[in-house]
> 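Before I ask anything, here is the structure I am working with.
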Amino acid sequence: MSPKPLIGLLLFTLWLVSAPAQSTYYDFGFERDLSVPVVGNGQPLELPWAGGLNSVRFSEIDLDLDGEPDLLGFEKHGNRLLPFLRVGGGYEYAPQYARRFPDLHDWVILYDYDHDGKADIFTYGLASVRVFKNVSDDTLRFELVADPLEAFYYNGYTNIYASPDDYIVVDDIDGDGHLDILNFWVMGRYVHHLRNYADADEDFDFRLENECWGHFEEAADNNAVTLFSDCDNKTGDDHTRHTGSSMLLHDFDGNGLPDLLLGDVDSPYNIMLYNHGTLSDARMTVQDTSWPPQMPVQLYSMPAASFVTLPGHDAPSLVVSPSDPSLTKSQDRNSVWVYEYDASLQQYTLSQTDFLQGEMVDVGSGCHPVLHDFDGDGLLDLFIGNYGSFDSAKTVNGWLTAYFSSSVRYYRNTGTATTPAFTLQTDDFGNLKSLGFKALHPTFGDFEGDGAVDMLCGLEDGTLLLVPHQRLQTGEGPITEHFSNIDVGEYSTPQCFDLDGDGREDLIVGNRRGLLSYYRNISTNIPEFQQITDTLGGVDMRDFTQSYFGYSVPCFYRDAQHGTVLFCAGELGEVAYYKHVDGNLDGVFEKAEGNLAETVEGVAQPFREGRRVAVAVADLTGDGKPELLLGNYAGGAAFFVGTVPPEHSAVVSHVREELRVWPNPAAGLVRVESVLPLRQIAVYDLYGRLVLMIDDLPDCSHIVNLSSFPAGVYFLRTEGGVGKVLKSR
């Protein structure tokens, strides 16, 4: 008997309001601090703690409602919103505005669809498009007006399809004053034109106007474009791989017709398609595969472009950055290119390759901050490891393979005991980048018993690398791989810390699974590490509703008031806080309710710094309150100063409760569980069609029978949450 097909479901979690019964306080308080100076390559950085950039798309919006356009960046690697206020001749990072936006993910496009002078939000939804109207008055605010955004296709209205990986076109395509949409349909190679037929008293009435807008088609497995196509090869839509595309519409040649700038997954180039048809019937008749001519875009992978009018410029500039969703394909440094229009040459010329990015602490992909007084001056220095930085890429068996190599940066603390400041000493501490390791995560201690400080690094393969003191000083000398034969699986993240209080530094090592391994130092001379457990404290950073991995990064911290506590970062951007560690090393640590919070404009909020975050905690200001640094996968870090702990009652949107579906994947019956009554369960296929509806559910749990469904990808929606589809093979 053949096995039953599997149906994959993955559920988002809910953010609910915390309502404690009495006034209680967090153990620690943190507020973001942008003032701590950082000097890189001899120059002070203007935006050191903005968090880095890998794959970002910028849009203009008035954040502070002063009538001047500011800037919003959407960083795909971690779904981070980066608000920048226009100040004088430049931009100032203003992270407090990020909290005023709804939860946005996968892609974000801002466009004023109702012509009221306020930029509205178009973003990815449930295989479709969500729209938030800008309803700001004296405060920046948004209101959901469409989820999903619908259009009339053939026989009726259904959701406008959008891929989480594509950047669609949201613009007035035919010049009639109404917002239209261009998108690639599901697995299709052709562009659909969804024209807006809305009356004066409505905003949206989209109808499929043209199945073959522009009369071109994109190849199934690469970025090749065929012009003069009538899109009649419908069987060509049956290929299994949608190439993934970014699109920007603009009249680049000045003939009054919109041209199309096209990016493609696995490709570093933009293709310019010139339109020589009409407003009602676009026809792409010329393509330029090396655009612009002076310095063509070459950014791995899938470069996406947008227009921004920069301070001091009269005409909009073109800002280009990768948009490939993969974390291991993106060019991650010098990955934000700016092109300015040269009227004398009548073309766009490259003016900058690190827009805003060059003013940040940005180490490439992944950022693992560690604090240690290396030079012995009594001040904690800053070291940052990374997954790696992009070196090169090539196509292997039809797929793009990118190559990264990891390094450790050393920033010396050149401040004082109360005012930290960091100055870059080297971007390749220990001269390790040329050795080709990935995911270096440093910690420090005397691992050779000679009284000198060595560096021990975690690696992608789960082992540890010892870099002796001599090599740290000179850049030369041997290194020791597979240190102490420790292997925690994948992505080892060690911390050297005297966990049992016996005066000898032990090793705690996180890993990709999200667990912690504890290795006790049993020697009084040259350290010797004995594994005690690979499930220390019952810590598990995995959330199976969103990921099978946890990528735990531990940071134990000890002071006189709190004793020993654990801050542990993970895959989904969370920082968990555990206490009751002392005297409980063979038990389960207490995970403090609500985890941690930062205070933003007087309100406690959860940390939201992207994904695969890493944490470092220490008192850098000498006031008895620890500071906290959070690195994220876009290569940068955020700095939080220790403050008076906030009340739990001040927390908004902080406690995360799970909406569970299990087993996952499933062959037939699945149980749906929620902390609130489900009321309704709806199941949709990939095309957004409703295939099952269950109403009037009073309970928090229900079994759904999917055994009659063909194998494939499905969405599940309840009144409390939405499921994200996985495809089973």
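The residues of the chain are indexed from 1 along the displayed sequence.
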> Under the side chain to side chain contact (heavy atoms under 4.5 Å, CB included) rule, what do I121 and L104 come out as? Steps first, then yes or no, please.
CA-CA 9 Å; I121 301 173; L104 307 174; 4.0 Å; yes
> Can a donor-acceptor pair be found between the side chains of E460 and Y491 at a distance below 3.5 Å?
yes
> Relative to Y167, does R57 satisfy both conditions: NZ or CZ under 6.0 angstrom from the six-membered ring centre, and within 45 degrees of the ring's axis?
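Yes, a cation-pi geometry holds between R57 and Y167.
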> Please state whether the rings of F556 and F589 are parallel, tilted or perpendicular, taking 30° and 60° as the class boundaries.
perpendicular
> Testing V617, L382, V615 one by one against L629 for a side chain to side chain contact (heavy atoms under 4.5 Å, CB included), which residue passes?
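Considering V617, L382, V615, a side chain to side chain contact (heavy atoms under 4.5 Å, CB included) with L629 is found only for L382.
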> Can you name the one residue among E598, E627, E601 that meets salt bridge (Lys or Arg N to Asp or Glu O under 4.0 Å) with R32?
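Testing R32 for a salt bridge (Lys or Arg N to Asp or Glu O under 4.0 Å) against E598, E627, E601 leaves exactly one candidate, E598.
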> Let's go through Y97 and R99 carefully: what are the C-alpha distance in whole Å and the side-chain angles of both, what is the deciding distance for side-chain hydrogen bond (donor to acceptor under 3.5 Å, both in side chains) to 0.1 Å, and is it a yes or a no?
CA-CA 5 Å; Y97 287 96; R99 306 288 176 163; over 6 Å; no
> Where the side chain of D147 meets the backbone of G125, is there a donor-acceptor pair that is under 3.5 Å apart?
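Here the side-chain-to-backbone pair does not exist.
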> Indicate whether any N or O donor in one side chain lies under 3.5 Å from an N or O acceptor in the other, for N386 and S406.
yes
> For H562 and F28, run ring pair (Phe, Tyr, Trp, His ring centres under 6.0 Å): C-alpha distance rounded to whole Å, both residues' side-chain angles, the deciding distance at 0.1 Å, then the answer.
CA-CA 10 Å; H562 303 94; F28 300 95; 4.1 Å; yes
> Are the side chain of S136 and the backbone of R141 linked by a donor-acceptor contact shorter than 3.5 Å?
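Checked: pair present.
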> To the nearest 0.5 Å, what is the distance between NE2 on H372 and CE on M455?
10.5 Å
> For D582 and T564, which I'm curious about, is there any donor-acceptor pair between the side chains at under 3.5 Å?
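There is such a pair (donor and acceptor under 3.5 Å, judged by atom type) between the side chains of D582 and T564.
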> In Å, rounded to the nearest 0.5 Å, how long is the span from CG of L456 to CD of Q495?
12.0 Å
> Under a 3.5 Å cutoff, is there a donor and acceptor pairing between the side chains of Y551 and R512?
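Yes, R512 and Y551 have a side-chain donor paired with an acceptor closer than 3.5 Å.
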> Check the angle between the aromatic planes of Y410 and F374 and answer parallel, tilted or perpendicular using the 30° and 60° thresholds.
perpendicular
> Between S55 and S321, is there a side-chain donor-acceptor contact under 3.5 Å, judged purely by atom types and distance?
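No, no side-chain donor-acceptor contact under 3.5 Å.
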> Are the side chain of T443 and the backbone of C496 linked by a donor-acceptor contact shorter than 3.5 Å?
yes
> Can you check whether L459's main-chain N or O pairs, donor with acceptor, with S492's side chain at less than 3.5 Å?
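Confirmed, S492 side chain pairs with L459 backbone.
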> For A592, is there any backbone N or O sitting under 3.5 Å from a side-chain donor or acceptor partner on E590?
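No, E590 side chain to A592 backbone: no donor-acceptor pair under 3.5 Å.
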> Assess whether a salt bridge exists between K133 and E143, defined as any Lys/Arg side-chain N lying under 4.0 Å from an Asp/Glu carboxylate O.
no
> Using 0.5 Å steps for rounding, measure from the OG1 atom of T533 to the CG atom of L585.
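Interatomic distance, T533 OG1 to L585 CG, rounded to 0.5 Å: 10.5 Å.
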> Taking L140's backbone N and O only, do any of them form a donor-acceptor pair with R100's side chain (distance below 3.5 Å, no angle check)?
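A pair under 3.5 Å: no.
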> Say whether, by atom type as modelled, one donor and one acceptor occur between the side chain of Q357 and the main chain of N334 under 3.5 angstrom.
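Present.
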> Does atom CG of D66 have more than 12 heavy-atom neighbours, drawn from other residues, nucleotides or ligands, at distances under 6.0 Å?
yes
> Please give me the minimum heavy-atom distance between L53 and D362, naming the atom from each residue.
N-OD2, 3.0 Å
> Going by the angle between their ring planes, with limits at 30° and 60°, are Y91 and F355 parallel, tilted or perpendicular?
perpendicular
> With distance as the sole test, does N413 use its side chain to make a donor-acceptor pair with the main-chain N or O of L379 at under 3.5 Å?
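A pair under 3.5 Å: no.
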> Would you please classify the geometry between the F383 ring and the F429 ring as parallel, tilted or perpendicular, with 30° and 60° separating the classes?
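It falls in the tilted class, 30° to 60°.
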> Let me confirm one number: the OG1-CG distance from T545 to L572, rounded to the nearest 0.5 Å.
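Output value for this atom pair is 8.0 Å.
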> Quiz question: by atom type and distance under 3.5 Å, do the side chains of Q352 and D354 form a donor-acceptor pair?
yes
> Less than 6.0 Å separating the ring centroids of F132 and F101?
no
> Could you point out which residue of D377, D381, D373 forms a salt bridge (Lys or Arg N to Asp or Glu O under 4.0 Å) with R412?
D377
> Is a side-chain donor-acceptor pair under 3.5 Å present for Y577 with D27?
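There is such a pair (donor and acceptor under 3.5 Å, judged by atom type) between the side chains of D27 and Y577.
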> Closer than 3.5 angstrom, by distance alone: can the side chain of E571 be matched with the main-chain N or O of G550 as a donor-acceptor pair?
no
> Side chain of D534, backbone of S517: donor and acceptor closer than 3.5 Å?
no
> Give the ring-plane orientation class for F639 versus W49, where under 30° counts as parallel, over 60° as perpendicular and anything between as tilted.
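Correct class here is tilted.
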> Measure the OG1-CG distance between T535 and L516 for me, rounded to the nearest 0.5 Å.
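So the gap between those two atoms works out to 9.5 Å.
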> Is a side-chain donor-acceptor pair under 3.5 Å present for D324 with S330?
no
> What's the verdict on side chain to side chain contact (heavy atoms under 4.5 Å, CB included) for D332 and S389, showing C-alpha distance, side-chain angles and the deciding distance?
CA-CA 6 Å; D332 49 19; S389 56; 4.0 Å; yes
> With rounding to the nearest 0.5 Å, note down the distance linking CG in D106 to CG in N79.
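Rounded to the nearest 0.5 Å, the CG-CG separation comes out at 5.5 Å.
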> Evaluate the criterion side chain to side chain contact (heavy atoms under 4.5 Å, CB included) for residue pair D120 and Y111; output intermediate values, then yes/no.
CA-CA 5 Å; D120 307 299; Y111 187 91; over 6 Å; no
